[in-house]
S.K.: 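Pasting a structure here, questions to come.
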There are 2 protein chains.
Amino acid sequence: MFTASEHPLSPLLKKLGSLTRLSDRDEQAILHLPASPRVFAAGQDLVGEGDRPTRCWLIVEGWVQRYKVLDEGKRQISAFHVAGDMPDLQGLHLSVMDHNLGALTRVTALSVPHEALRELLLRIPELNAPFWRDTLVDAAIFREWVANVGRRPAYQRLAHLFCELYLKQVAVGLARDGRCPMPVTQVDLADATGLTSVHVNRTLRELRRDGLIELRGKRLEIPDWPRLVAAASFNPAYLHLASRPTA
Amino acid sequence: MFTASEHPLSPLLKKLGSLTRLSDRDEQAILHLPASPRVFAAGQDLVGEGDRPTRCWLIVEGWVQRYKVLDEGKRQISAFHVAGDMPDLQGLHLSVMDHNLGALTRVTALSVPHEALRELLLRIPELNAPFWRDTLVDAAIFREWVANVGRRPAYQRLAHLFCELYLKQVAVGLARDGRCPMPVTQVDLADATGLTSVHVNRTLRELRRDGLIELRGKRLEIPDWPRLVAAASFNPAYLHLASRPTA
DNA sequence: CGATATGTTGACATAGATCAAAGTATGTGG
DNA sequence: CCACATACTTTGATCTATGTCAACATATCG
């Protein structure tokens with residue numbers, strides 16, 4: 001019998017249990033999933049477009065980007081994932097990958113066989129809800145990104161992205177006090193916001209000039225959260241976080 | 001005992017069964033879901049941001065748009081839905097709506113209580129997969145829209161949207177021979193592509209001029225599908241349709 | 001310590017936005 | 001079935017946010 005806090009799968013529990021409390025039996029069942037660790041170097045893909053994966057990755061450490069490559073080398077990032085996320089959980093029910101998952105930093109991840117997950121979900125049907133829900137939150141974030149990229153000007157667009165990434169990290173205990181890791185390049189920010197890296201550079205300067213962000217050494221600092229939120233017209237509802245922060 | 005073909009829930013079966021074949025027992029269980037019909041006038045919302053729905057809608061006829069309203073009346077559409085879709089299935093596990101679902105045309109829909117769906121999914125755990133999968137395909141489409149809006153120029157962007165909407169309708173038997181309903185205004189197209197209605201108008205003219213589309217009377221005609229696909233660099237993989245068309 | 005990736009800056013180009021007005025459908029009530 | 005109101009489409013003139021190209025500066029890392 002594992003104690004939840006020290007187990008490598010424990011970040012997953014924290015996330016899944018954030019809305020509906022998991023029973024002890026459920027927690028134990030999840031902790032007993034077979035999982036083998038692997039390290040990816042920055043720049044490596046965990047899964048690529050066209051693959052037919054037979055397992056899911058649970059991120060234990062590092063950042064993962066979800067991206068598509070289009071015509072003439074254009075690239076669009078559609079999500080950033082951090083520790084506790086299972087970015088390819090969808091592979092459980094969609095047989096072919098329609099995009100790539102790449103390591104932005106060095107990444108440690110646990111691989112969980114689809115087999116084992118499927119068996120677990122049939123054996124304990126109540127567990128479908130929290131896993132399914134996790135993919136629904138990802139979808140909600142995609143919707144917000146469509147709006148962000150489609151309708152917000154560059155300044156607001158970047159501010160909005162920073163709000164999201166900060167809150168996502170707060171939710172899993174990776175950030176607090178207006179500071180968090182932000183291991184992305186300006187090219188990555190451009191590919192996430194549908195802008196050019198040159199324009200990102202200039203817009204970042206304006207955000208700094210206005211005292212909304214500090215960004216150096218792969219860390220983000222937000223001196224005045226309410227002002228950043230206002231500048232982005234950020235409404236966190238789409239993240240579907242527990243209204244009350246998790247212990 | 002119902003025969004699947006004549007039942008009002010039968011479009012749902014067609015969709016859910018498109019990948020994994022449903023057993024007779026499963027089909028019957030779905031057909032016995034309680035469902036009450038309702039008609040929405042064009043322009044009405046089926047569900048609004050902030051709502052806490054207690055049921056899902058299954059579209060029987062008409063088109064539904066999924067949209068968010070941002071600053072200064074800006075609007076972003078993130079999906080179009082047609083007969084057979086359950087656009088708010090996510091409500092089953094996300095308690096608060098983070099966007100709106102509105103009727104683009106007059107819409108007939110069936111309301112299915114969450115209660116009944118939850119009970120069904122616990123009783124027949126195998127049914128989680130097809131319903132869950134449906135929400136995953138929606139998510140895959142959102143990802144493609146992020147790329148469409150973020151990185152493709154207007155001409156390609158609109159061409160891409162038309163490819164998607166045509167194929168989606170072919171998949172449920174609403175379109176064939178390069179013709180399909182397209183009951184959207186140029187303002188709607190603008191809000192779906194992150195463009196201006198004026199620019200949509202001009203780009204539409206170019207698409208027409210190049211013989212890629214005809215668009216009148218709320219119907220779309222595609223004279224040369226391969227050429228449209230090429231112009232859009234459209235790859236249908238993200239729709240996760242059965243490779244072989246469903247009977 | 002040098003190579004390579006990332007960030008910064010300037011000059012210039014353009015896709016797409018904005019504003020404004022005039023056509024053309026479409027639908028409703030009489 | 002007409003007439004009028006409203007919604008939608010089209011067009012022109014002009015503007016601007018963002019892109020492109022190119023050079024240089026500064027990190028970062030093996």
Side-chain angles (χ1 to χ4, degrees), chain A residues 41-44 63 65 70-77 102-106 148-161 181-209 213-220, chain B residues 41-44 63 65 70-77 102-106 148-161 181-209 213-220:
Chain A
Q44 254 191 301
W63 277 43
Q65 57 176 334
L70 334 198
D71 278 0
E72 305 155 37
K74 280 183 295 189
R75 213 171 70 102
Q76 178 68 47
I77 296 177
L104 267 169
T105 61
R106 149 185 276 252
N148 202 35
V149 168
R151 287 296 187 212
R152 284 196 261 260
Y155 186 91
Q156 225 183 328
R157 213 183 284 185
L158 280 163
H160 197 279
L161 179 60
M182 189 59 54
V184 298
T185 67
Q186 294 184 358
V187 172
D188 298 327
L189 289 174
D191 287 339
T193 51
L195 298 166
T196 279
S197 71
V198 171
H199 198 58
V200 165
N201 182 285
R202 291 176 172 138
T203 308
L204 247 25
R205 175 169 45 190
E206 292 179 45
L207 286 164
R208 263 191 277 250
R209 181 244 292 149
I213 61 163
E214 303 282 324
L215 191 54
R216 46 168 197 282
K218 305 288 149 187
R219 291 193 57 86
L220 171 71
Chain B
Q44 256 190 301
W63 277 42
Q65 57 176 334
L70 334 199
D71 278 0
E72 305 155 37
K74 281 183 293 189
R75 213 170 69 100
Q76 178 69 45
I77 295 177
L104 267 169
T105 62
R106 150 186 276 253
N148 202 35
V149 168
R151 286 297 186 210
R152 283 196 262 260
Y155 186 92
Q156 225 183 328
R157 214 183 283 187
L158 280 164
H160 197 279
L161 180 60
M182 189 58 55
V184 297
T185 67
Q186 294 184 359
V187 172
D188 298 328
L189 289 174
D191 287 340
T193 50
L195 298 167
T196 278
S197 71
V198 171
H199 198 58
V200 164
N201 183 283
R202 291 176 172 138
T203 308
L204 247 23
R205 177 170 43 190
E206 292 178 45
L207 286 164
R208 262 192 278 250
R209 182 246 291 152
I213 61 162
E214 302 282 323
L215 192 53
R216 46 168 198 283
K218 304 287 149 190
R219 290 194 57 87
L220 171 70

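Chain letters run A, B, ... following the sequence lines, proteins first and then strands; every chain starts at 1.
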S.K.: Could you tell me how far apart Glu206(B) (CD) and dA15(C) (C1') are, to the nearest whole angstrom?
M.R.: 11 Å

S.K.: Can you check side-chain hydrogen bond (donor to acceptor under 3.5 Å, both in side chains) on Gln156(B) and Asp71(A), steps first, answer last?
M.R.: CA-CA 11 Å; Gln156(B) 225 183 328; Asp71(A) 278 0; 3.0 Å; yes

S.K.: Could you tell me whether a side-chain N or O of Thr196(B) sits under 3.5 Å from a main-chain N or O of Val198(B), the two making a donor and an acceptor?
M.R.: no

S.K.: Give a yes/no on whether any side-chain N or O of Asn201(B) is located under 4.0 angstrom from OP1 or OP2 of dT10(D).
M.R.: yes

S.K.: Quick one: closest heavy-atom pair of Arg75(B) and Asp188(B), and the distance?
M.R.: NH2-OD1, 3.4 Å

S.K.: Could you tell me which non-hydrogen atom of Arg151(A) sits nearest to which non-hydrogen atom of Lys74(B), and how far apart they are?
M.R.: O-NZ, 3.0 Å

S.K.: What is the separation between atom CG on Leu207(B) and atom P on dT10(D), rounded to the nearest whole Å?
M.R.: 13 Å

S.K.: Pick out which of Leu158(B), Leu195(B), Ile77(B) makes a side chain to side chain contact (heavy atoms under 4.5 Å, CB included) with Leu189(B).
M.R.: Leu158(B)

S.K.: Quickly work out the Leu189(A) CG to dA5(C) P distance and round it to whole Å.
M.R.: 19 Å

S.K.: Pairing of DNA chain C as dot-bracket, 5' to 3': ( ) intra-strand, [ ] crossing, | other strand, . unpaired, with Watson-Crick or G-U pairs under 3.5 Å?
M.R.: ||||||||||||||||||||||||||||||

S.K.: What is the separation between atom CG on Leu204(B) and atom P on dT10(D), rounded to the nearest whole Å?
M.R.: 7 Å

S.K.: Quick one: closest heavy-atom pair of Trp63(B) and Pro181(B), and the distance?
M.R.: CZ2-O, 3.6 Å

S.K.: What's the CD-P distance between Gln156(B) and dG16(C), to the nearest Å?
M.R.: 10 Å

S.K.: In whole angstrom, what separates Gln186(B)'s CD from dA7(D)'s P?
M.R.: 16 Å

S.K.: Walk along nucleotides 14-30 of chain D from 5' to 3' and tag each nucleotide B, S or - by protein heavy-atom contact under 4.0 Å, base first, then sugar-phosphate.
M.R.: ----BSBB---------

S.K.: Within this structure, what is the NZ-to-C1' distance between Lys74(B) and dG16(C), rounded to whole angstrom?
M.R.: 14 Å

S.K.: Going from CD on Glu214(A) to CG on Leu207(A), what distance comes out if it is rounded to the nearest 0.5 angstrom?
M.R.: 11.0 Å

S.K.: Give the rounded distance in Å between these two atoms: CZ of Arg216(B) and C1' of dA25(C).
M.R.: 14 Å

S.K.: When you measure from the side chain of Arg208(B), which nucleotide among dT9(D), dG7(C), dT10(D) comes out closest?
M.R.: dT10(D)

S.K.: Show the nearest heavy-atom pair for residues Gly150(B) and Val149(A), with the distance to one decimal.
M.R.: CA-CG1, 3.2 Å

S.K.: Of all the heavy-atom pairs spanning Arg157(A) and Thr193(A), show the shortest one and how long it is.
M.R.: NH1-O, 2.5 Å

